[in-house]
Protein chains: 2
Amino acid sequence: MRDLIEIQQKLLPDLVEVLRKRYMLLQSIYHLQPIGRRALSQVTMTTERILRGEVELLKEMGLLLFTTAGMSVSEEGQRVLERMEPMVAELFGLTDLAAQLQTHLRIPEVIVVQGDADRNEWVKQELGRVGARVLKQRIQEGDVVAVTGGSSIASLADHLTPSPAFRTVQFVPARGGLGEKVELQANTLASVMAAKTGGSYHLLHVPDRLSTDALQALLEEPGVREVIDLLRTSRIVVHGIGDALVMAQRRKYSPQELDELRAVGAVSEAFGYYFNDSGEIVHRMPTIGLQLEDVQNAEVVLSIAGGASKAKAIHSFAKQQAYHNVLITDEGAARALLAQIDPKGASV
Amino acid sequence: MRDLIEIQQKLLPDLVEVLRKRYMLLQSIYHLQPIGRRALSQVTMTTERILRGEVELLKEMGLLLFTTAGMSVSEEGQRVLERMEPMVAELFGLTDLAAQLQTHLRIPEVIVVQGDADRNEWVKQELGRVGARVLKQRIQEGDVVAVTGGSSIASLADHLTPSPAFRTVQFVPARGGLGEKVELQANTLASVMAAKTGGSYHLLHVPDRLSTDALQALLEEPGVREVIDLLRTSRIVVHGIGDALVMAQRRKYSPQELDELRAVGAVSEAFGYYFNDSGEIVHRMPTIGLQLEDVQNAEVVLSIAGGASKAKAIHSFAKQQAYHNVLITDEGAARALLAQIDPKGASV
DNA sequence: TTAGTTAGGGACGCATTATGTCCCGCACGT
DNA sequence: ACGTGCGGGACATAATGCGTCCCTAACTAA
């Protein structure tokens, strides 16, 4: 069954969403029958007119009865409700997960894709594809987009397509080089995004780890200064969320430094900030790039992270930065996250 | 999976139609790739612009590739096509049957509902529901609607709902009494339809079987004459199609008469006319009511008949009267009919 | 019996979207 | 070198969606 839905959704992206709405509408009518349009439109949080279209369709299909007392569910409609019941959890699982995350993390928008990035490589692709779609939706003329590195963001970059709206967009790396694979670095990704979309990009030619002295010196450099200033005006921030210790190791932290991180309870990492369970900053890399206050000034923060192993990191980061945030994650991370928030209610 | 498909058809009939179109579009592209918009729009019988919207969506979903040579189906798209194949029959089976009947019988519109009226009683209900919907769509102010008897038409009458458009509609029985159950007679159904819709009705107070003398005498009666004249102006005719011998028995034909019917190869019956395999009139009851020429003058002829046993009758009647016809039948009859038209191609 | 409430259905106008149509630069094959 | 057919862009108009209000019928409570 999963197969059918999955395939259909490729051709009809909002199929499940519409199905869910119709099902819930039918269910609402069933529980409140007989009920009128006006009352029902308040319950279902829709306008009268739009609800009308829906109920007329359901009536056409013989699932509803219209009487002077109001609408009620026909026998056929009841049969549909009964037969759908066992499928509901599976069908709407992801939507449901997203809604739960939205509530618990207080994030305006959450999208959950199927699978677990830890288990299937293609889930990263899916995250990227969805992320690219969201970015394309949110982009505006003349936007400055700050991007970090990482495989999720790389996948997003890969799925971007040219569009006239992107012509005036500038992609700016949020960080310097991370000293690892070049195809996952912020600098590279900014240029890839620009190439894919037809936008322009800037580079931040600084190493990620710096001594305080070198940092000060570099900040004086005009070429660096310019990019930093631009970075601060970012309307959109696109970033991944990393596991604190994993990121620290990639950044070649010494064993002592790692111990310190562990000691302060660092869990997640994003743009060089390390957060603990509660979302508090417990460590900050002395480096050049996007600062947390700049992120908070951004109008759109696109966070991408998948895989059950990222659950803790996502949770702690979400506590820090929930406002104006769009979280794109996967089923694995979502379930793990909910299980850790509410261990008893984590079934489905 | 079967379950889900049925539910989808009940809850998302509009979306299933869109799904079908998208699937067929993807398939067309696959077979013609690489192909441009203009060429494709001719093949698919759509305008360039509307096709463009569709292919852009398919591109967004990663199912199409756009090159300077034209559009082609991506690997993902091929996977979708392959995985959908087994579901196609179930998803679009009925639509497909309807399309085949339309072609083979040369009838402008065919609707096929699920099931077989011979095996499940509720299929008749479904036929009636759909019939009522079609009638409501086609009705116009001041229409005269000729109706025959029978269980299918009774079911249609049952599913009619009031509507202001029906206020000025007159329902007229196409035949006199059939001497059987009153709830299935044309007179009764005309009055039921009027009651259900808010229209008016007339009655034809004559027995169905008459001697030629009595027939002439009755035709002189003003009350009868009036109704007959009205009947002749019918813009819409709603009728069932019966099996010739079954109808003859109901009409209490003598064994000799039945033998005669068999001898001339009578297969189907409608408004007192008996048709053979080729749709030729082989017998005609000397009676008062709607004549075949009146039917041919009607703008809308709504034929309802379901059940595999009616296949022959439908086929032969369709040969007689295809123009301006809307046929509403069921899966059982449709498959049986196609098997008899084209025995080898009747799989699915 | 009557007043009040709420039902479904109809109507209308605005606004946004969809859609038909044309044009352009470009890449390919001839 | 040229012509054909491609995808992409632009734009005016048609059309549909949608919010909103009104109407009559029916039921309920006094």
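Throughout, a chain's letter reflects where its sequence line sits, starting with A, and its residues are numbered from 1.
Rounded to whole Å, atom P of C:dG9 lies 9 Å from atom CE of A:Met71. The CZ atom of B:Phe66 sits 17 Å away from the C1' atom of C:dC26 (whole-angstrom rounding). In this entry the distance linking CD of A:Glu54 with P of D:dC18 reads 9 Å, nearest Å. Distance, B:Arg38 CZ to D:dG9 C1': 14 Å, rounded to whole Å. Atom pair B:Arg52:CZ and C:dA18:P shows a separation of 14 Å (rounding to whole Å applied). Counting to the nearest Å, the C1' atom of D:dG8 and the CG atom of B:Leu51 are 14 Å from each other. D:dT13 atom P lies 17 Å from atom CZ of B:Arg49, rounded to whole Å. Taking atom CD on B:Glu48 and atom C1' on D:dG9, their separation rounds to 12 Å, with Å as the unit.
Note on B:Glu56 versus B:Lys59: no salt bridge recorded, every NZ/NE/NH1/NH2 to OD/OE distance being 4.0 Å or above. Between B:Arg79 and A:Glu6, no side-chain nitrogen of the basic residue sits less than 4.0 Å from a carboxylate oxygen of the acidic one, so the salt-bridge criterion is not met. Between B:Lys21 and B:Glu54 there is no salt bridge, since none of the side-chain N atoms of the basic residue sits less than 4.0 Å from a carboxylate O of the acidic one.
Interface remark: the B:Arg37 side chain does form a donor-acceptor pair with the D:dG8 base, using a distance-only criterion of under 3.5 Å.
Nucleotides of DNA chain D nearest to A:Ala69 and B:Glu56 differ in position, and the one nearer the 5' end is that of B:Glu56.
For CD of B:Glu75, the number of neighbouring non-hydrogen atoms (other residues, nucleotides, ligands) closer than 6.0 Å is 12 at most. Within 6.0 Å of OH on B:Tyr201 lie no more than 12 heavy atoms contributed by other residues, nucleotides or ligands.
Considering only side-chain N and O atoms, A:Thr47 lies under 4.0 angstrom from the phosphate OP1 or OP2 of D:dG19.
Looking only at side-chain heavy atoms (C-beta outward), A:Val80 and A:Val73 stay at 4.5 Å or farther from each other.
Among the candidates B:Leu327, B:Val237, B:Leu156, B:Asn325, the single residue satisfying the side chain to side chain contact (heavy atoms under 4.5 Å, CB included) test with B:Leu302 is B:Leu156.
Direction change of the helix axis from one end of the helix from C:dT1-D:dA30 to C:dT30-D:dA1 to the other is 30°, with five pairs defining each end axis (rounded to 10°).
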